[in-house]
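Notes for the one structure printed next.
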Number of protein chains: 2
Amino acid sequence: MSTDNALEEATEVLQQLGLKEYEAQCFVGLSRLSTGTAKQLSEITDVPRTRVYDAVRVLEAQGLVEIQHSSPQRFRAVPLEEATETLRDQYETRVDRLSNALRAAGEMEPKDEGPVQEMWALSGGEAIANRANQLLTNAAEEVVLVLGDDSLLTDELTATIGGLDDEVDVLVGAVSESLEAQIQASLPRATTFVSGLEWFRPQEGSGDELSIGRLLLVDRSNILVSTIVAGTLEEQAIFGGGFRNGLIVIARRLLSQGLFPGRDPREE
Amino acid sequence: MSTDNALEEATEVLQQLGLKEYEAQCFVGLSRLSTGTAKQLSEITDVPRTRVYDAVRVLEAQGLVEIQHSSPQRFRAVPLEEATETLRDQYETRVDRLSNALRAAGEMEPKDEGPVQEMWALSGGEAIANRANQLLTNAAEEVVLVLGDDSLLTDELTATIGGLDDEVDVLVGAVSESLEAQIQASLPRATTFVSGLEWFRPQEGSGDELSIGRLLLVDRSNILVSTIVAGTLEEQAIFGGGFRNGLIVIARRLLSQGLFPGRDPREE
DNA sequence: CTGGTGAGTCACTCGGTTAATCACAAAATG
DNA sequence: CATTTTGTGATTAACCGAGTGACTCACCAG
């Protein structure tokens with residue numbers, strides 16, 4: 001990565017972490033300057049000199065920058081580890097406050113649902129991983145998991161599966177033999193196989209190139225399927241529960257026919 | 001705390017975590033609703049019904065909300081633990097990216113300073129605690145620390161001091177005897193005392209009521225002093241190094257005269 | 001077939017915030 | 001003392017989010 005790109009990325013990330021553009025640029029500038037004046041900063045960052053002062057003041061108030069009150073003023077960025085630690089503390093504080101506030105708010109009338117079949121959508125790799133994880137921990141009898149990509153075999157995943165009750169059957173499939181080998185190595189308790197199904201590969205011709213990320217079936221009643229668009233890391237998932245859910249029925253059929261003929265799912 | 005206040009706080013914190021007002025309100029609303037439609041949401045949150053859709057879509061993209069594509073659409077908030085976990089992952093990812101980008105950017109010419117005496121300013125409890133911590137870990141001979149408030153005696157602080165080399169003399173003072181007792185209990189290696197100095201107490205008459213938070217002197221060459229404004233938790237600190245620094249000279253005099261007459265700092 | 005209702009999308013206005021520039025006073029420099 | 005540098009404040013322009021209303025579509029009742 002070129003230095004320029006690195007600088008851009010740094011300011012961008014800082015903005016995502018809550019800083020304004022000027023503030024982000026000033027922090028990045030100071031991070032590579034050890035110490036600097038408003039003038040120097042405005043030269044290496046395209047922040048107008050007269051605006052440096054405000055930006056730095058805000059940064060100081062957040063504990064990210066130190067100010068030497070001399071003339072001219074000199075500024076210095078807090079060391080990176082200290083800065084990230086400070087930001088982390090901030091995050092933890094906020095999440096705590098959020099938890100407490102939401103707990104204090106309490107629920108409203110559940111407005112209970114009929115036991116209809118429900119399907120839900122969810123986006124983002126981390127969120128999907130978390131959800132998959134949670135479904136796994138609730139497994140009581142059987143887990144069927146098919147992974148479409150090496151990167152989805154995370155430590156967290158193996159830990160969760162490894163920690164399941166011995167009663168639970170674990171079947172893990174992969175799209176390639178190399179991936180199957182990896183899985184076998186990190187999950188000795190699991191029965192592994194190579195998926196014979198074709199639709200884990202990107203569909204030909206169909207405009208956007210989608211491939212299956214994960215397919216998870218827990219206790220034959222909860223399912224999660226995620227897709228990944230070809231180039232990016234964007235992951236989208238749908239999931240749902242209930243025996244009468246159409247997708248689950250389909251999934252069961254697929255699994256029983258295409259994957260391991262010996263193991264028929266219970267008939268409905 | 002009243003339910004209303006809790007709701008307000010929750011949306012406020014969520015905004016600090018990067019959500020827009022509508023998004024925050026929708027998430028809070030969904031958190032107490034188990035499941036809800038756009039209409040229900042707009043009734044319990046004051047988000048216009050027609051804007052609920054956008055807000056929820058954004059939330060879904062961030063992995064905080066699940067969408068059921070039916071008619072009418074139903075929304076559901078991800079469980080709190082999952083949500084905070086997702087947010088934490090997001091934070092970690094960003095900090096990583098930031099670290100890498102800054103590392104890749106590298107330093108510029110150090111533009112080295114003369115060995116002048118420098119004083120720096122820094123705000124915010126966490127940032128100051130981190131800085132104090134870092135000063136402490138660099139201690140080679142002597143640490144003098146005076147605490148003006150119970151809340152400043154954190155586990156992190158005791159851990160850091162506890163982990164110092166045995167060579168390092170540790171002297172810790174407190175403004176009250178009860179605090180001294182606490183310190184003695186958690187820091188057996190330290191020599192403790194009750195500060196005889198008056199100015200740790202808020203100054204009478206002087207407009208804003210300031211009190212001293214911490215006073216830290218490391219190896220007689222680095223000093224950090226923080227103040228806390230009366231009611232709030234706002235903490236501000238100045239710190240600096242160098243033997244010739246005026247503040248350090250004053251601090252040494254104060255310490256040698258007011259605190260422990262037997263221990264004179266080395267003459268300058 | 002028609003009028004009515006609720007769901008969902010889209011286009012637009014208004015107001016506050018932020019980026020950007022300029023004018024000016026205070027301080028430093030030589 | 002003259003000139004540059006430093007810092008503050010006011011002002012303008014661009015942008016984004018909050019808030020509102022028009023419109024389409026599907027469904028339902030008459």
Side-chain angles (χ1 to χ4, degrees), chain A residues 7-8 11-12 14-30 33 35-62 65-76 111 113 116 118-121, chain B residues 7-8 11-12 14-30 33 35-62 64-76 111 113-114 116 118-121:
Chain A
L7 294 182
E8 263 180 46
T11 67
E12 192 178 316
L14 280 169
Q15 288 184 65
Q16 291 174 351
L17 286 169
L19 299 188
K20 306 301 171 196
E21 186 177 329
Y22 282 173
E23 295 158 18
Q25 289 198 46
C26 282
F27 183 82
V28 173
L30 282 176
L33 213 53
T35 191
T37 66
K39 187 166 194 237
Q40 294 175 293
L41 255 187
S42 78
E43 277 162 0
I44 65 170
T45 63
D46 51 33
V47 176
R49 185 187 61 83
T50 60
R51 296 284 94 204
V52 169
Y53 302 97
D54 310 66
V56 165
R57 253 189 289 276
V58 174
L59 290 172
E60 197 262 4
Q62 304 201 351
V65 158
E66 300 153 10
I67 298 182
Q68 186 179 6
H69 293 291
S70 53
S71 183
Q73 294 181 328
R74 306 194 74 83
F75 313 119
R76 177 200 286 173
K111 212 84 165 215
E113 302 301 307
V116 293
E118 294 187 353
M119 289 304 306
W120 297 85
Chain B
L7 294 182
E8 265 180 45
T11 68
E12 192 178 318
L14 281 169
Q15 289 185 65
Q16 290 173 352
L17 286 169
L19 300 188
K20 306 301 171 195
E21 185 177 330
Y22 283 172
E23 294 158 18
Q25 288 197 46
C26 282
F27 183 82
V28 173
L30 282 176
L33 212 54
T35 191
T37 66
K39 185 160 193 245
Q40 294 175 296
L41 254 186
S42 78
E43 278 163 359
I44 64 168
T45 61
D46 45 33
V47 176
R49 185 187 61 85
T50 61
R51 297 273 103 200
V52 169
Y53 302 97
D54 310 67
V56 166
R57 253 190 288 275
V58 174
L59 290 171
E60 197 262 3
Q62 302 200 352
L64 297 176
V65 158
E66 301 153 9
I67 298 182
Q68 185 179 6
H69 293 290
S70 53
S71 184
Q73 294 181 328
R74 306 194 73 84
F75 313 119
R76 177 199 287 174
K111 213 81 167 216
E113 301 301 306
V116 292
E118 294 186 353
M119 289 304 306
W120 297 84

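In what follows, chains carry the letters A, B, and so on, assigned in the order in which the sequence lines appear, proteins first and then strands, with residues in each chain numbered from 1.
- Across D:dG7, C:dT21, D:dT20, the shortest atom-to-atom separation from the side chain of A:Gln73 is found for D:dG7.
- When the P atom of D:dT6 is taken as reference, atom CD of A:Gln40 falls 9 Å away, rounded to whole Å.
- Taking only distance into account, the side chain of B:Thr50 meets the base of D:dG21 through a donor-acceptor pair shorter than 3.5 Å.
- Atom-to-atom, CZ of A:Arg49 to P of D:dG7 comes out at 8 Å; the value is rounded to the nearest Å.
- When rounded to the nearest whole Å, the span between CD of A:Gln15 and P of D:dC16 equals 12 Å.
- With rounding to whole Å, B:Glu23 atom CD is found 7 Å from D:dA18 atom P.
- Across B:Glu66, B:His69, B:Gln40, a single residue satisfies side-chain contact (heavy atoms from CB on, under 4.5 Å) together with B:Arg74, and that is B:Gln40.
- Of the residues near DNA chain C, B:Phe75 and A:Glu21, the one whose nearest nucleotide (by heavy atom distance) lies more toward the 5' end is B:Phe75.
- Remark: B:Leu14 CG to B:Phe27 CZ distance equals 6.5 Å, nearest 0.5 Å.
- The distance from atom OH of A:Tyr22 to atom C1' of C:dT21 is 9 Å, rounded to the nearest whole Å.
- In the set C:dA7, D:dT20, C:dT18, C:dA7 carries the atom at the smallest distance from any side-chain atom of B:Pro72.
- If you check C:dT18, D:dA18, C:dT9 against the side chain of B:Tyr53, the one that comes closest is C:dT9.
- Summarising the geometry, the separation between NZ on A:Lys39 and C1' on C:dT29 is reported as 13 Å, rounded to the nearest angstrom.
- Residues B:Asp54 and B:Thr50 approach most closely at OD1-O, 3.5 Å, considering heavy atoms.
- Counting to the nearest Å, the C1' atom of D:dC16 and the CG atom of B:Asp54 are 14 Å from each other.
- A straight line from CZ of B:Arg51 to C1' of D:dG17 spans 9 Å, rounded to a whole angstrom.
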